[in-house]
Protein chains: 2
Amino acid sequence: MDSKARAVLTAKTKVLKALAHPARLWMVERLEGGERCVCELVDGLGLDFSTVSKHLLVLKNAGVVVDDKRGKQVFYSLKVPCVLKFMHCVEAVMERG
Amino acid sequence: MDSKARAVLTAKTKVLKALAHPARLWMVERLEGGERCVCELVDGLGLDFSTVSKHLLVLKNAGVVVDDKRGKQVFYSLKVPCVLKFMHCVEAVMERG
DNA sequence: TGGTTGATTGGCATAATAACCAAATGAAAA
DNA sequence: TTTTCATTTGGTTATTATGCCAATCAACCA
């Protein structure tokens, strides 16, 4: 495995790692229904504001979501529509458990 | 979020976490070409036998691979064919980075 | 039987994550 | 301009993940 192949692998796992947390996956699923402000996500998750903010940063750095500040609020939305389609495969893995 | 929804999320993230490591993802991609014995994977990765064995256990516990002991060797193969299809979406995320 | 090979397990040190609280930022309202 | 509100950042601690070494196990061979 050369260094280029290693870099590609690391980039892919960055996306997977971003999705591989219950709070972050919940937020991504929630964003399927359209953009949400941070406060809505905090309410739904029952976590600290700072914790949710950091989770959103992870998703943003991975290229999964984008943010848009309007007025006092920040709205997050999915950057790539297929993100949740591919979750059907994950569910298939679970069912064949 | 009730406890049932939380359990489903945790189960999904178990699969994602299993894939979210360079060595494990590399092995899964390699298994796309058919079953491989542990020794082949060790050679390709350049990691310790014990390390590779533990990574494979993570994939097995997540339901991504199955093992088959034949003689002294253990062969691993993908349990769910769609695992790599959904990686195309991950690649799409990377390209729109 | 005794030894070798392929693989797993246990143990340990180190690194990376995740949660909270407190404090800082920054834009809008007063 | 001062205050306020939504969010982010910094700091700390607890938990989890990773990788190597040594020991073990199971199957084959001499």
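To find a chain, count down the sequence lines: A is the first, B the second, and so on, and within it residues start at 1. Below, each value reflects all heavy atoms present in this structure, side chains not excepted, and no hydrogens, waters or symmetry copies.
Between the C1' atom of C:dT25 and the CD atom of A:Gln73 lies a distance of 17 Å, rounded to the nearest Å. In this structure, B:Lys69 places its NZ atom 8 Å from P of C:dT8, rounding to the nearest Å. When rounded to the nearest whole Å, the span between CG of B:Asp68 and C1' of D:dA27 equals 15 Å. One interatomic measurement links the two molecules: CZ of B:Phe49 to C1' of C:dT4, which rounds to 14 Å at whole-angstrom precision. One atom, CZ of B:Arg70, and another, P of D:dC28, lie 12 Å apart when rounded to the nearest Å. Rounded to whole angstrom, the span from the NE2 atom of B:His21 across to the C1' atom of C:dT17 amounts to 14 Å. Going from atom CD of B:Glu35 over to atom C1' of C:dG6 covers 15 Å, rounded to whole Å. Remark: P of D:dT8 and CG of A:Asp67 are 7 Å apart, rounded to the nearest angstrom.
The two residues A:Leu59 and A:Ala18 make their nearest non-hydrogen contact at CD2-O, 3.6 Å. Considering every non-hydrogen atom in both A:Leu45 and A:Ala23, the closest pair reads CD2-CA, 4.0 Å. Smallest separation of non-hydrogen atoms from A:Lys79 and A:Val66: CD-CG1, 3.7 Å. Between A:Cys37 and A:Gln73, the shortest heavy-atom contact is SG-NE2, 3.8 Å.
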Trace of the side-chain contact (heavy atoms from CB on, under 4.5 Å) decision for B:Val74 with B:Leu56: CA-CA 11 Å; B:Val74 177; B:Leu56 285 166; over 6 Å; no
side-chain contact (heavy atoms from CB on, under 4.5 Å) evaluation trace for A:Glu29 with A:Leu25: CA-CA 6 Å; A:Glu29 289 179 348; A:Leu25 185 56; 4.1 Å; yes
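Residue B:His55 places none of its side-chain N or O atoms closer than 4.0 Å to OP1 or OP2 of C:dA7.
Counting only residues at least two apart or on different chains, the ring pair (Phe, Tyr, Trp, His ring centres under 6.0 Å) pairs with a member in residues 38-60 of chain A are A:His21-A:His55.
Axis angle between the ends of the helix from C:dT1-D:dA30 to C:dA30-D:dT1, five pairs each and rounded to 10 degrees, works out to 10°.
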Dump the pairs, protein N or O against N or O of nucleotides 20-22 of chain C, anything under 3.5 Å, distances to one decimal.
| unit_1 | atom_1 | unit_2 | atom_2 | d |
| --- | --- | --- | --- | --- |
| C:dC20 | OP2 | A:Asp48 | N | 3.3 |
| C:dC20 | OP2 | A:Thr51 | OG1 | 3.0 |
| C:dC20 | N4 | A:Lys54 | NZ | 3.1 |
| C:dC21 | N4 | A:Ser50 | OG | 2.8 |

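Projected onto DNA chain C by closest heavy-atom contact, A:Lys17 and B:Ser53 fall at different nucleotides, the more 5' of which corresponds to B:Ser53.
As judged by a 4.0 angstrom heavy-atom cut-off over every strand, B:Tyr76 is placed among residues touching the sugar-phosphate backbone only.
Of the inter-residue distances, the one linking A:Leu19 atom CG with B:Lys12 atom NZ reads 11.5 Å to the nearest 0.5 angstrom. Put simply, OH on A:Tyr76 and CD on A:Glu40 are 13.5 Å apart, with the number rounded to the nearest 0.5 Å.
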